[in-house]
Amino acid sequence: MTKVVAINGSPRMEKGNTAMVLTSFLQGMTDAGSDVELYYAGRLQVKPCTGEMLCWYENAGQCYIKDEMQALYPRLSEADILVLATPVYIPLPGEMQNLINRLCPLVEPLLETRGGRTRARFREHVKIRKIALVSTGGWWEKGNFRTVVCIAQELAENAGVEFAGAVLRPHASLMREHGELTSDGKAVLEAARRAGYELVQEGEMSDKTLEAIGRPLISEEELRHRLNQASQRAARRSSG
Ligand SMILES: Cc1cc2nc3c(=O)[nH]c(=O)nc-3n(C[C@H](O)[C@H](O)[C@H](O)COP(=O)(O)O)c2cc1C
């Protein structure tokens, strides 16, 4: 059975846009027969990496910081697929970056050159073979995800595992209206479920499915107009 560990880095946790898309994606993975565990970076007590590199040069593979990361290390090592889920926060919410930095003990301190870049693989006991990204953003265009996608891609390439692709949902807040899912929102979530299913069942997500998840819900001009109106209303309220 494929084991999946997913980490949601959204500070809004369950009520966020990222959770909405991730829940459907993970449901698809479960439907395809995988065993899924979900963690919220914002709920785990994870201190920042202090950069001593003791996990590389003193106590191989052991982080000296005794916090909730210690329970997560074995869960991560046992996973076949790691799903990183995050909103775009130019580039990441702090809790997510914190957790990513703390993955260092899982990496073997043996540097190699691959494709002209210095890389270091996951340690032998780490079973992760794929890293997938689920991300939501507020603005219109998918260009907003460039940095976040790069981070997930770099993590995978560095560790010598496959980057399994990115489930990207721009202007994600339009999936709900007055707290209720819109019909567009439902279609996006159904496509997200399909993406999770495909990843486990077929080993990859189809372009068609990823496009259905990320397709524009309104025009760029209309979104800008709505968001600017909302901020003008807020400015008027705060000026009394
Ligand atoms: C500090 C901050 C920075 C953000 N920066 C961007 C950005 O650069 N591009 C973008 O598309 N959305 C940006 N957003 C919007 C969020 O990515 C978007 O609303 C996302 O869907 C929130 O997900 P969540 O509800 O799971 O937290 C930003 C939001 C915050 C709070």
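Just so you know, ligand 1 is whichever comes first in the structure, and atom 1 is the first atom listed for that ligand. Both backbone and side-chain heavy atoms feed into the values below; hydrogens, waters and symmetry mates do not.
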According to a 4.5 Å side-chain heavy-atom criterion applied to Ile, Leu, Val, Met, Phe, Trp and Tyr, with indirect links allowed, do Leu82 and Leu155 form part of one hydrophobic cluster?
-> yes
Please could you name the atoms of ligand 1 that Thr18 approaches to less than 4.0 Å, counting only its heavy atoms?
->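 Contacts of ligand 1 toward Thr18, numbered from 1: 23 (O), 24 (P), 26 (O).
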Which residue and non-hydrogen atom of the protein lie closest to [atom], and at what distance in Å?
atom: atom 20 (C) of ligand 1; answer: Thr136 OG1, 3.4 Å
atom: atom 13 (C) of ligand 1; answer: Val88 O, 3.3 Å
atom: atom 18 (C) of ligand 1; answer: Gly138 N, 3.5 Å
atom: atom 25 (O) of ligand 1; answer: Arg12 NH1, 2.6 Å

Would you say ligand 1 has an N or O under 3.5 Å from any N or O of [X]?
X: Pro87; result: no
X: Ser10; result: yes
X: Gly16; result: no

Straight-line distance of Arg12 CZ to Thr136 OG1, nearest 0.5 Å |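 Between Arg12 CZ and Thr136 OG1, I get 8.5 Å after rounding to 0.5 Å.
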Between CG on residue Leu99 and CG on residue Leu72, distance to nearest 0.5 Å = 6.0 Å
Winner among Trp139, Tyr89, Phe145 once heavy atoms are compared against atom 29 (C) of ligand 1 |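 Selected option, by shortest heavy-atom distance: Tyr89.
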Contact partition for Asn17 relative to ligand 1, non-hydrogen atoms under 4.0 Å |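 For Asn17, the contact with ligand 1 is made by both the backbone and the side chain.
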Taking the six-membered ring of Tyr197, is NZ or CZ of Arg194 closer than 6.0 Å to its centre and within 45° of its axis?
-> no
So does Lys208 pair up with Glu198, basic N to acidic O under 4.0 Å?
->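 Judged by the 4.0 Å cut-off on N to carboxylate O distance, Lys208 and Glu198 do not form a salt bridge.
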Are Glu162 and Arg129 close enough for a salt bridge, meaning some N to O gap below 4.0 Å?
->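 Not counted as a salt bridge, because no side-chain N and carboxylate O are separated by less than 4.0 Å.
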Report the C-alpha distance between Leu199 and Val83 in whole Å, list the side-chain angles of each, state the deciding distance to 0.1 Å, and finish with yes or no for side-chain contact (heavy atoms from CB on, under 4.5 Å).
-> CA-CA 11 Å; Leu199 181 55; Val83 178; 5.6 Å; no
